[in-house]
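Okay, structure first, notes after.
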Amino acid sequence: MRTLLVLLPSLMLLFPILLYGKTTDHANRATRTVILDETGVRNLRIETEQAKKRAFESTVFAIGRIEEIPANRSVLSTRIAGRVISLRAYEGDKVEANQTLVLVESRQPGNPPPTIELRAPRSGIVVRSHVRLGEPVEPDRELLDIADRSTLWAVAKIPESEVAAITVGTLARIRVPALGKTTIEAHLLRFNVEADRSAGALEGIFQVNNPDGKLRPGMRIEFSIVTGSREKVLSVPQATVQGDPTNRIVFVKDFELENAFLPAQVVLGERNDKYVEIVSGLFPGDEVVTRGSYPLAFAGSGSGPSLKEALDAAHGHEHNEDGTELTAQQKAENSRDGTNDQSHGKITDGTLDKYLIFYAATMTLLTALLAQRLWNKRKDMATA
């Protein structure tokens, strides 16, 4: 009983705190919720998806270049001295193996002099021409360079500090900025024989297919090299997260209102090339904005209907400006006045004051009773 008497005032202290907290939650919803009309949604191109637990890959980022495979380049040359009388392929032309590319008129006597056909040693593309029509040629001279670029090397400069986590066969997702959002998957073929001292990196060689010929040697590429994976990690696409490094937010679609979005503060974990781990601030199933999230942070209250208007339309009856339900007293006052005055829409103007008066009177009475009881106990102990 004594413990209850001691704890009762503390429990009563929580009552106004909880009441104030509830009121603050409603106020926050009213001020923070971004409500758009259909035009605003289309202009921002809003897209959403559910936050969910998935296999989350740890990755190492690296940059590099596309390079030609040395063994896939061939040279066309002549065994005899002479003069070029026909040139049937130029730089950029695709050729087939054994296709006649150059005719050379020899210097041997004859009428006409003997002519030699020079044929392509392999299928590929003419990447360089060293000869012109009518030009004299010698056996020690290269005429055309032909390369098979159906497969190429993607060479990544991997920081030396990350090399230990990467082995032959490791998967990498390769993005070529010149090709847009296209992603190519490849596995590590081998490391180069020497490190790049100036860059503090070791080159990792990945082989990629190039059937359409869109990849060119020298193109800049970006690697996300997979070094590990964890299961059931709550994560969202990288484009979802906004804010500065000390205050990261994600816009969550309101669970009951159409085209309404609320910023949620989140704590981030690890990142990879696609997703960001969410440590806290979201729950699986929350519908987050994946496209249009950045401009949402700057959308003003005038971008669409107010919270009150949206709730009125969704529920079919009136609400307060902060989104709370109208009390019986407010409904009665509205029915008498025929209006919905702004002052009636705030719980702090009337209802909260009544609760505080009741709380003050109750606390005064309980404190007096507790003091009387303690005084009586001390008096009994003194007389005993």
Side-chain angles (χ1 to χ4, degrees), residues 62-104 115-158 168-194 196 199 201-223 225:
I63 59 173
R65 299 281 178 182
I66 293 292
E67 293 185 9
E68 198 173 78
I69 301 175
N72 287 358
R73 177 174 284 223
S74 302
V75 172
L76 181 70
S77 61
T78 176
R79 291 180 297 173
I80 63 172
R83 180 174 63 90
V84 175
I85 60 173
S86 178
L87 186 59
R88 301 178 181 178
Y90 300 89
E91 289 187 9
D93 289 348
K94 291 182 179 180
V95 298
E96 299 294 331
N98 208 40
Q99 176 182 338
T100 299
L101 304 181
V102 180
L103 292 181
V104 175
T115 300
I116 305 297
E117 293 185 356
L118 302 182
R119 301 176 181 272
R122 72 186 316 153
S123 298
I125 185 172
V126 177
V127 294
R128 189 158 298 174
S129 175
H130 307 279
V131 65
R132 292 177 294 177
L133 186 64
E135 189 174 2
V137 294
E138 299 292 338
D140 60 349
R141 182 179 172 188
E142 298 177 3
L143 305 182
L144 300 175
D145 289 356
I146 302 170
D148 177 6
R149 293 182 175 176
S150 58
T151 56
L152 294 166
W153 278 352
V155 182
K157 288 190 177 294
I158 305 171
V168 172
T170 296
L171 173 69
R173 287 186 289 272
I174 302 170
R175 192 177 76 85
V176 185
L179 301 184
K181 295 182 179 180
T182 301
T183 300
I184 303 169
E185 291 191 351
H187 294 83
L188 180 66
L189 186 64
R190 62 181 176 85
F191 287 106
N192 212 337
V193 293
E194 293 184 2
D196 185 338
L202 186 61
E203 291 183 338
I205 299 174
F206 298 80
Q207 186 165 303
V208 295
N209 293 324
N210 185 34
D212 53 10
K214 291 183 178 180
L215 295 176
R216 304 283 200 279
M219 279 186 173
R220 180 181 180 274
I221 48 179
E222 299 171 353
F223 296 80
I225 305 171

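For the numbers below, each heavy atom of this structure counts, side chains included, while hydrogens, waters and symmetry mates do not.
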For L118, which of L101, V131, V84, V102 qualifies under side-chain contact (heavy atoms from CB on, under 4.5 Å)?
V102
Rounded to the nearest 0.5 Å, what separation is found between the [atom1] atom of [X] and the [atom2] atom of [Y]?
| X | Y | atom1 | atom2 | value |
| --- | --- | --- | --- | --- |
| D145 | S74 | CG | OG | 9.0 Å |
| D196 | I158 | CG | CD1 | 12.5 Å |
| R132 | E135 | CZ | CD | 5.5 Å |

Tell me, yes or no, whether the heavy-atom count around E194 atom CD, taken from other residues, nucleotides or ligands under 6.0 Å, exceeds 12.
no
Decide yes or no on side chain to side chain contact (heavy atoms under 4.5 Å, CB included) for S150 and N210, but give the supporting numbers first.
CA-CA 5 Å; S150 58; N210 185 34; 5.8 Å; no
Side-chain (N209) to main-chain (P211) donor-acceptor, under 3.5 angstrom
no
Donor-acceptor pair, S123 side chain versus A97 backbone, under 3.5 Å?
yes
Side chain to side chain contact (heavy atoms under 4.5 Å, CB included), that's the test. Do L152 and R216 meet it? Break it down for me.
CA-CA 9 Å; L152 294 166; R216 304 283 200 279; over 6 Å; no
Just jot down the side-chain contact (heavy atoms from CB on, under 4.5 Å) partners of R65, sequence neighbours excluded, or say none.
R220
Non-neighbouring partners of Q207 that pass side chain to side chain donor-acceptor pair (under 3.5 Å), sequence neighbours left out
none
Only counting residues at least two apart or in another chain, list the ones meeting side chain to side chain donor-acceptor pair (under 3.5 Å) with R149.
E68
All N/O donor-acceptor pairs, side-chain side in residues 181-189, below 3.5 Å, sequence neighbours left out:
unit_1 : atom_1 : unit_2 : atom_2 : d
T182   : OG1    : L179   : O      : 3.3

Of all the heavy-atom pairs spanning [X] and [Y], show the shortest one and how long it is.
| X | Y | answer |
| --- | --- | --- |
| R73 | R122 | N-NH1, 3.9 Å |
| G204 | F191 | CA-CD2, 4.0 Å |
| R190 | V168 | CA-CG2, 4.4 Å |
| A156 | A62 | CB-CB, 4.3 Å |
| A154 | I174 | CB-CD1, 3.9 Å |
| V126 | L144 | CG1-CD2, 4.3 Å |

Test salt bridge (charged side-chain N to carboxylate O under 4.0 Å, His left out) applied to R128 - qualifying residues, sequence neighbours left out:
none
According to salt bridge (Lys or Arg N to Asp or Glu O under 4.0 Å), does anything in residues 76-103 pair up with another residue at least two apart or in another chain? List the pairs.
R83-E105
